Student: 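The structure under discussion is supplied below as structure tokens; questions concerning it will follow.
Since the structure is predicted, the reported quantities are computational estimates derived from the model, not experimental observations.
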Amino acid sequence: MVEGGIQKADKSQFIECFRLSWTRPYILRLALSAGIGGLLFGYDTGVISGALLYIRDDFQSVQTNIPLQEAIVSMAVAGAIIGAALGGWINDSFGRKKSILVADVAFALGAVLMAVAPTPAMIILGRIFIGVGVGMASMTSPLYISEASPAQIRGALVGTNGLLITGGQFLAYCINLAFTKAPGTWRWMLGVAAVPAIVQFGLLWSLPESPRWLYRNGRKDEAREILKKIYLPEEVEQEEEALRLSIEGEIAEEGPIGSNSVFAKVKNAWSVPVVRKGLTAGMGCQIAQQFVGINTVMYYSPTIVQLAGYASNSTAMALALITSGLNTFGTLISMMFVDKYGRRRLMLISMAGLIAFLYALFAVFQVAAIRAPKVSQLETARFVNGTCPSYLTAPSASKWSCMDCLAAAPNCGFCADQGNSLSPGACLIDEPTSKGSCKGEHRQWYTLGCPSNVGWLALICLAGYIITYSPGMGTVPWIINSEIYPLRHRGICGGMAAMANWTSNLLVSQTFLSLTEALGSSWTFFLFASISLLGLFFISAFVPETKGLSFEEVEDKLKNNGWLVWNHKDSDDKRKNVDKPQAVSP
């Protein structure tokens, strides 16, 4: 039930969701149609990681300019910050459905601009439009699904949004691989992104507005008709009465939605102690989600694979596809267990695993750097006109390894030995002529990472990182943010939480390549692991459990307890009561 008492939570809501997909398919149709917004989010995250490899090859200015590469990736995140801010206002003023429709238009326009872009500047402009659409959809889709879902399967249905995010990433990697040999490679990869936006735009015309938003805005008859499609006949009257009492109380306290400016709504939200606690928990989860470094892994996964010692673009994308598949699998695990074991517990387990795998990645990349093959003066001398200038003038050139070569300025690359890539190779300037000469002798050309015999360990750690992330920190923060705010503040609070997510995403994605250049790959992962320790403490201390609770019970829980979850007197009792089977309507 959207309103009312604690629902049955003694078994997985995923199973209940599967059952209701047969008995009441309208609910699943609604969730999947709205969840295409998650697919758009995931597709953008995945597609740019592969497209960037080929954009670098087509534009020499991108190949040699790390900040420009970061800008191409992160400008979508900057657009998402704008989209999230707009989304909060549009959600409250015009409804959830219209917000998603506007997002679809922005996404399709951005995809077309990127597909025809003659310069990196137009790619960046298209990325901004894509970001606006993704930012709006990322906060609105789970909100819309949550408000139109029965509470006993709400977590599983909101989880479908997370599943479609990871499914979108997997689809993007598949499409990246499909177009590696096609003329225009990256243009097709980026242009295809318009298709899901157009599909969702068409599907949404046949779907209703959120019943809670309609009721709050005086459109009670429309809301009642939607409730009849979501609930069994004997449940509708009870649901409508609970909805009426809840919203009338909210209107009496705050006034109708849309009566204040955006800035007034933000101020009002932070002035209410219950909402302030919810915002702290919700925004904190979103920030922690980004500072574990996940979107650098997704945006740059083929690049990370190359850092681990796999030089080929197509090999890097194929291996990145495996990690994306694991991400999708992990999200299925979340859908099956998030309402059985709880949101908070999944996040804590997820964070602990992420920290372990990040420190493991640090260790593996450290070993890889120590074991990097040496630079041979004899091998380098074979390429007379292509030798790296820094190598020629370095007083300690005889001690150089591949890592020293890649760190040299101007940009230099490592041409591996033809017979054994771990044997000493040549250090050459990174330009098309040198690269062509190296590959002409059937050697591997390295510019991001060095040949390594522990690269497979890095891939195992990367896979472990992904499958640990997706069931917990991947989907649960969005579920928490769809449940933890009172209706009167839900749109604006969801917008603020999404802005926190995208601002953190921007900071991390805009600095990742620069960090790997300044600190090295290993110490970059060490930094993410150390920040994640702070995230683990925050979730443990400030994020309450919302499993199986109605929106009103979540609000009461925040109202009647202090800031620290450790001191919540009713936390364990409430969770025990939730876990006990209780009677529900058949």
Student: Rounded to the nearest 0.5 Å, how far does CD1 of Ile355 lie from CD1 of Ile531?
Tutor: 11.5 Å
Student: Side-chain contact, heavy-atom cut-off 4.5 Å: Asp430 with Trp445?
Tutor: yes
Student: How long is the gap from CG on Leu52 to CD1 on Ile72, to the nearest 0.5 Å?
Tutor: 6.0 Å
Student: If the condition is side chain to side chain donor-acceptor pair (under 3.5 Å), which residues does Ser141 pass it with, not counting sequence neighbours?
Tutor: none
Student: Between the main-chain N or O of Val508 and the side-chain N or O of Thr511, is there a donor-acceptor pair closer than 3.5 Å?
Tutor: yes
Student: Quick one: are Ile484 and Pro544 in side-chain contact, heavy atoms under 4.5 Å?
Tutor: yes
Student: Measuring only between side-chain heavy atoms, which start at C-beta, is Ile294 closer than 4.5 Å to Tyr465?
Tutor: yes
Student: Do Val476 and Cys285 have side chains that approach each other closer than 4.5 Å (heavy atoms only, starting at C-beta)?
Tutor: no
Student: Evaluate side chain to side chain contact (heavy atoms under 4.5 Å, CB included) for Arg127 paired with Asp44, printing each intermediate quantity in order.
Tutor: CA-CA 9 Å; Arg127 295 285 295 161; Asp44 170 71; 2.4 Å; yes
Student: Taking it one step at a time, do Val292 and Phe528 satisfy side chain to side chain contact (heavy atoms under 4.5 Å, CB included)?
Tutor: CA-CA 6 Å; Val292 300; Phe528 283 140; over 6 Å; no
Student: So, does Gln69 use its side chain to make a donor-acceptor pair with the main chain of Val62 at under 3.5 Å?
Tutor: yes
Student: At their closest point, which heavy atom of Lys399 faces which heavy atom of Lys374, and how far apart are they?
Tutor: O-NZ, 4.2 Å
Student: Please name all residues satisfying side-chain contact (heavy atoms from CB on, under 4.5 Å) with Ile287, sequence neighbours left out, ordered by chain then number.
Tutor: Phe291, Ala500, Ser504
Student: Start with the C-alpha distance between Arg371 and Ser452, add both sets of side-chain angles, then the distance that settles side chain to side chain contact (heavy atoms under 4.5 Å, CB included), and finish with yes or no.
Tutor: CA-CA 7 Å; Arg371 295 184 178 181; Ser452 172; over 6 Å; no
Student: Output yes when a side-chain donor or acceptor of Arg344 lies under 3.5 Å from a complementary backbone atom of Val543, and no otherwise.
Tutor: yes
Student: Do any N or O atoms from the side chain of Ser350 and from the backbone of Met473 form a donor-acceptor pair under 3.5 angstrom?
Tutor: yes
Student: Do Val47 and Phe179 have side chains that approach each other closer than 4.5 Å (heavy atoms only, starting at C-beta)?
Tutor: no
Student: So does Gly494 get a backbone contact from the side chain of Asn481, meaning a donor-acceptor N/O pair under 3.5 Å?
Tutor: no
Student: For Leu422, check side-chain contact (heavy atoms from CB on, under 4.5 Å) against everything at least two apart and list the hits.
Tutor: Asn420, Pro451, Asn453
Student: Could you report the tightest heavy-atom contact between Asp57 and Lys435, atom names first, then the distance?
Tutor: OD1-NZ, 3.9 Å
Student: Testing the basics here: between Ile123 and Met114, what is the closest heavy-atom pair and its distance to 0.1 Å?
Tutor: O-CG, 3.7 Å
Student: Testing the basics here: between Ala103 and Met136, what is the closest heavy-atom pair and its distance to 0.1 Å?
Tutor: CB-CB, 3.8 Å
Student: Under 6.0 Å between ring centres, would you say that holds for Phe362 and Phe526?
Tutor: yes
Student: Keeping Trp478 on the side-chain end and Gln286 on the backbone end, is there a donor-acceptor pair under 3.5 Å?
Tutor: no
Student: Nearest heavy-atom pair of Ala426 and Thr380: which atoms, and what distance?
Tutor: CA-OG1, 3.4 Å
Student: Which residue is it: Asn385, Ile429, Thr387? I am looking for the one with a side chain to side chain contact (heavy atoms under 4.5 Å, CB included) to Ser434.
Tutor: Ile429
Student: Can you find a pair of side-chain heavy atoms, one from Leu527 and one from Leu515, that are under 4.5 Å apart?
Tutor: yes
Student: Taking Ser540 for the side chain and Leu536 for the main chain, is one N or O donor matched with an acceptor at less than 3.5 Å?
Tutor: no
Student: If the plane angle is over 60° it's perpendicular, under 30° parallel, otherwise tilted; pick one for Phe538 and Phe542.
Tutor: tilted
Student: Nearest 0.5 Å, what's the CG-CD distance between Asp417 and Glu379?
Tutor: 5.5 Å
Student: To the nearest 0.5 Å, what is the distance between CZ on Phe129 and CG on Leu125?
Tutor: 5.5 Å
Student: Any side-chain to backbone donor/acceptor pair from Arg443 onto Ala416? Under 3.5 Å, distance only.
Tutor: yes
Student: What do the steps show when you test Ile466 against Phe357 for side chain to side chain contact (heavy atoms under 4.5 Å, CB included), and what is the final call?
Tutor: CA-CA 9 Å; Ile466 291 292; Phe357 281 114; over 6 Å; no
Student: In terms of SG positions, are Cys388 and Cys427 separated by less than 2.5 Å?
Tutor: no
Student: How about Met75: does its CE atom have over 12 heavy atoms from other parts shown lying under 6.0 Å from it?
Tutor: yes
Student: CG of Leu428 to SG of Cys405: how many Å apart, nearest 0.5 Å?
Tutor: 7.0 Å
Student: I need the single residue from Val364, Leu519, Leu358 that forms a side chain to side chain contact (heavy atoms under 4.5 Å, CB included) with Phe525. Which is it?
Tutor: Leu358
Student: Any chance you could measure Tyr43, atom OH, to Leu190, atom CG, to the nearest 0.5 Å?
Tutor: 7.5 Å
Student: Do the rings of Tyr446 and Phe414 sit parallel, tilted or perpendicular, given the 30° and 60° boundaries?
Tutor: tilted
Student: Considering non-hydrogen atoms only, spot the tightest contact between Ser401 and Ala372 and give its length.
Tutor: CB-O, 4.1 Å
Student: With the side chain counted from C-beta on, respond yes when Phe41 and Gln169 share a heavy-atom pair under 4.5 Å apart, and no when they do not.
Tutor: no
Student: Donor-acceptor pair, Arg187 side chain versus Ala117 backbone, under 3.5 Å?
Tutor: yes
